[in-house]
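First up is the structure itself, then whatever we jot down about it.
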Amino acid sequence: MTDESQKIKKEINDGLDDLEKGHKLSRFEGLLKLSRLMSGSLSIRDIRKKAQSHIKKLIECENVLIYAFDEDDKTLSYAHFVNHDEIIETVQIDENTFVGSSAHFQASLKIDEEDNDIRIKRVIEHVQAMNPRSLLVVPLVFNGELLGVIQAINSLNRNFNSEDVEFAEAVAVQLTPIIQNANLYEKLHKQFIQVVEALADTITKKDSYTGGHTKRVAHFAKKIGEQMSLTWDEMNDLKLSAVLHDIGKIGIEDKILKKSAALTDEEFLIMRDHPRLGYEILKNVDSLSRVIDGMRYHHERPDGKGYPYGLKGDEIPTIAMIISVADTFDAMISTRPYRKGLPPMIAYQEIIDHSGTQFSEDVVTAFENWFKSTKMYAPNRLDSKKKAS
Ligand SMILES: [Fe+2]
């Protein structure tokens, strides 16, 4: 080989090295970016969502899924949404599936296109739809404890190579403490909600209507909140506000609260004070500061005719307006000792008829969207009712 051709060969090799170094550097930068992106995230769902799309770019593949380990069932689960409905698919931890094997052996594994590995077909339906050809799985393990599995699907370079495996393992090392943190936070938060629910249940002891009512209002409020694309924090605040919305009734005399007949004007005036009483009970609980307004203003109305403060329009927080719709809807469909509950379709129409006056327009739209997706929605029933009247 001449000096000249040796020089050219060296230059080409140097160029390839530089390219590889550049590739590694950009992956390293991507890894740092992932850390920055995740820091401070306490929602498992947010972490999974952000990590999946970021890792997909870094590992250069068609899709990335992060499975979570369920401590109670000892399985791995993957949650995805189809039209607001959460679909959860589970994978057993054993050698039968690729993801299960990775968790079982706590090892990284890969299947190449030409491997003809039977496990490429043994995937959850969500992955089946992605037509998997090459797979890479890496377990998420923190201090020997399994937290989940990362699954990369279909390398854009045909097969995953050893560098991809090393890199995915580096990603797993970055992710595990973040996921562990979020798991601990969620556990604490769950305990906190249970304490709050126990507090709200004390009203059940006084009035059985209010007790069942609280649970239903929390459910309806959640459904409306989901239609309004609230953030994870806002959904949590909404849930707690809904659970606590009638907590002030603890301060109402039993002879009014337990009265089986309709209230007199005077009794109603006392009853109307319950949002303020609730505020007095909870105002010093720091961790509930964001939650209190939803409870305190759940009987306010956009037209200013609500109680006890008579706030108007935007002065009323959205969370309080959601609880207002959920609360009124449940009150209308519930049977009380002195009157029968209304059919849900009639109650639904009442809510729509008072949009913008008693209820926030945005919240009513969200309520309408949710209601129409339920079995309670039966427009024919309303038409026949109208014809009959
Ligand atoms: Fe109330």
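Computed from a predicted structure; not experimentally measured. The analysis underlying the following values was restricted to heavy atoms, covering all of them including side chains, and did not include hydrogens, waters or symmetry mates. Read the numbers this way: they start at 1 and go in the same order the structure lists the ligands and their atoms.
- Contact annotation: D327 places no N, O or S atom under 2.8 Å from the Fe ion (ligand 1).
- In this structure, NE2 of H298 and OD1 of D246 enclose an angle of 100° at the Fe ion (ligand 1), rounded to 10°.
- To the nearest 0.5 angstrom, D94 atom CG is 11.0 Å from T75 atom OG1.
- Look at H299 and the Fe ion (ligand 1): an N/O/S atom of the residue is under 2.8 Å from the metal.
- Residues N183 and K187 fail the side-chain proximity criterion, which asks for heavy atoms closer than 4.5 Å.
- Using a cutoff of 4.0 Å between basic side-chain nitrogens and carboxylate oxygens, E114 and R158 are scored as salt-bridged.
- One finds the OG atom of S241 at 12.5 Å from the CZ atom of R296 (value rounded to the nearest 0.5 Å).
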